[in-house]
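So the structure is just underneath, and the comments pick up after that.
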Amino acid sequence: MGKRVAVVLAGCGVYDGSEIHESSAVLVHLSREGAQAEVYAPDVDQMHVVDHVKGQPTQEKRNVLVESARIARGNIKDLAKLDVKGLDALIIPGGFGVAKNLSTWATQGKNCIVSKEVEDVLKAFHAAKKPIGLCCISPVLAAKLFPGCELTVGHDTECEKWPYAKTAETMKELGCKHVNKHVTEIHVDVKNKLVTTSAFMCNAPIHEIYDGIGKMVKEVVRLA
């Protein structure tokens, strides 16, 4: 029987939820590895809703679980019901929803709070020594919760290719070791069973992002 992997989403859309291409890539690669994805999201309101045409917040209100269900094709569970005992691994795709709905990183940076449900789930997998895969901005959750861990969000020097490189510096301030990696590469923290890749932290062709996520997923399943 294939490995059972929890995938935690943060809404639907790069600017206020989970990055859709990253989420889809995770699900496709899990399927390719013969793993069974179980999708979860917290039943909470989004921090805000962003018009993805204008890139501006609106007055709308949306629910993270309801929006995430769009990506999961309705096959989704409330994060509060996740039981680590029946699962082999955890993966959290990126997107600004991670920094807005799963934590307060978007507004508070290294002084952020990780939402209690998300913190409990990450700590449960970590304590059970089960692998955790994180891509794009989601490694900041591990940076906050597991001091001294090793992670990558790509590169730590800002340029046109790496517009969010300051994230790496902030993670270092939390006591983490940041490892520079290209978008198609992953970093594995063997001790903490953390597998990370940069995804859309890099201005790269979408197939390279897809390939990097594929390596992350493959390693997570191998470690499970």
Side-chain angles (χ1 to χ4, degrees), residues 9-29 46-58 67 71 91-112 114 132-144 149-189 194-220:
L9 299 182
C12 180
V14 58
Y15 298 126
D16 57 12
S18 286
E19 211 296 320
I20 296 168
H21 298 290
E22 291 180 20
S23 305
S24 175
V26 165
L27 296 173
V28 168
H29 285 296
Q46 292 183 188
M47 179 184 124
H48 63 186
V49 177
V50 175
D51 179 330
H52 278 56
V53 174
K54 297 175 181 172
Q56 299 292 327
T58 70
E67 289 301 296
I71 297 173
I91 294 178
I92 306 181
F96 281 97
V98 171
K100 293 176 176 180
N101 306 327
L102 305 188
S103 71
T104 58
W105 184 277
T107 54
Q108 294 179 289
K110 68 179 180 180
N111 299 314
C112 75
V114 178
I132 298 168
L134 304 162
C135 64
C136 193
I137 191 67
S138 67
V140 301
L141 301 173
K144 185 67 182 179
C149 67
E150 298 177 6
L151 303 159
T152 190
V153 287
H155 280 231
D156 57 8
T157 305
E158 200 168 300
C159 61
E160 190 178 347
K161 188 169 185 179
W162 297 99
Y164 308 109
K166 284 184 180 154
T167 304
E169 290 301 321
T170 311
M171 287 161 68
K172 288 180 197 172
E173 288 170 20
L174 284 167
C176 299
K177 180 183 178 185
H178 181 269
V179 183
N180 283 350
K181 292 283 182 179
H182 186 58
V183 66
T184 57
E185 296 178 317
I186 61 172
H187 181 69
V188 183
D189 178 339
L194 296 171
V195 187
T196 50
T197 190
S198 62
F200 278 102
M201 297 296 270
C202 182
N203 275 332
I206 195 167
H207 70 277
E208 292 187 7
I209 288 157
Y210 186 91
D211 290 348
I213 290 171
K215 287 179 188 170
M216 180 265 283
V217 169
K218 191 179 187 78
E219 184 63 15
V220 166

Requested in this report: Show your working on side-chain contact (heavy atoms from CB on, under 4.5 Å) between Val188 and Glu219 and close with a plain yes or no.
Outcome: CA-CA 8 Å; Val188 183; Glu219 184 63 15; 3.8 Å; yes
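- Within the 3.5 Å criterion, the main-chain N or O of His187 finds no donor-acceptor partner in the side chain of Thr152.
- Among the candidates His178, Met171, Glu150, Lys144, the single residue satisfying the side-chain contact (heavy atoms from CB on, under 4.5 Å) test with Pro139 is Met171.
- Taking 4.5 Å as the limit, every side-chain heavy atom of Val153 sits out of range of all side-chain heavy atoms of Leu151.
- The salt bridge (charged side-chain N to carboxylate O under 4.0 Å, His left out) check on Lys161 picks up nothing, with sequence neighbours excluded.
- Remark: Leu9 CG to Ile91 CD1 distance equals 11.0 Å, nearest 0.5 Å.
- Distance alone, capped at 3.5 Å, is enough to place a donor-acceptor pair between the Asn101 side chain and the Met47 backbone.
- Just one residue in the list His155, Glu158, Met201 forms a side-chain contact (heavy atoms from CB on, under 4.5 Å) with Tyr164, and that residue is Met201.
- Remark: the backbone N or O of Ile92 is paired with a side-chain donor or acceptor of Ser138 at under 3.5 angstrom.
- Not one N or O on the side chain of Asn203 forms a donor-acceptor pair closer than 3.5 Å with the backbone of Pro163.
- Not counting sequence neighbours, the partners of Glu169 by the salt bridge (charged side-chain N to carboxylate O under 4.0 Å, His left out) test are Lys172.
- Put simply, the side chain of Val14 reaches to within 4.5 Å of the side chain of Phe96, judged on heavy atoms.
- Rounding to the nearest 0.5 angstrom, the gap separating the CG atom in Asp51 from the CG atom in Asp16 is 10.0 Å.
- For the residue pair Cys149 and Ala142, the shortest heavy atom distance occurs at SG-O, 3.7 Å.
- When all heavy atoms of Cys136 and Gly94 are compared, the pair lying nearest together is CB-CA, 3.7 Å.
- Contact check for Trp105 versus Val114: no side-chain heavy atoms found under the 4.5 Å cut-off.
- In this structure, CG on Asn180 lies 6.5 Å from OG1 on Thr157, to the nearest 0.5 angstrom.
- Of all non-hydrogen atoms in His21 and Glu19, the two that sit nearest each other are N-OE1, 2.8 Å.
- A heavy-atom distance below 4.5 Å is not found between the side chains of Val49 and Pro57.
- Using a 4.5 Å cut-off on side-chain heavy atoms (C-beta onward), Val28 and Tyr210 make contact.
- In terms of modelled atom types and a separation under 3.5 Å, the side chain of Ser18 and the main chain of Ser23 share no donor-acceptor contact.
- Counting only N and O atoms by type, the side chains of Lys100 and His48 include a donor and acceptor under 3.5 Å apart.
- Using a 4.5 Å heavy-atom cutoff, the side chains of Val195 and Ile132 are not in contact.
- The two residues Gly13 and Ile20 make their nearest non-hydrogen contact at N-CG1, 3.9 Å.
- In this pair, His182 and Trp162 present their aromatic rings perpendicular. The plane angle is above 60°, beyond the 30 to 60° band.
- Not one N or O on the side chain of His29 forms a donor-acceptor pair closer than 3.5 Å with the backbone of Leu27.
- When all heavy atoms of Val98 and Pro93 are compared, the closest pair comes out as CG2-O, 3.3 Å.
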Report task. Let me see the working for Thr196 and Ile186 under side-chain contact (heavy atoms from CB on, under 4.5 Å), right down to the final yes or no. Result -> CA-CA 6 Å; Thr196 50; Ile186 61 172; over 6 Å; no
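- Rounding to the nearest 0.5 Å places CD of Glu185 at 14.5 Å from CE of Met216.
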Report task. Take Val50 and His52 through the side-chain contact (heavy atoms from CB on, under 4.5 Å) test and state the conclusion after the steps. Result -> CA-CA 6 Å; Val50 175; His52 278 56; 4.3 Å; yes
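- For the atom pair SG (Cys202) and CD (Glu160), the distance works out to 11.0 Å, reported to the nearest 0.5 Å.
- Remark: Ile137 CD1 to Ser198 OG distance equals 11.5 Å, nearest 0.5 Å.
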Query raised in the report: What's the verdict on side-chain contact (heavy atoms from CB on, under 4.5 Å) for Ile213 and Glu22, showing C-alpha distance, side-chain angles and the deciding distance?
Result: CA-CA 7 Å; Ile213 290 171; Glu22 291 180 20; 3.8 Å; yes
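- Counting all heavy atoms, side chain and backbone alike, Val140 lies closest to Thr167 at CG1-CG2, 3.6 Å.
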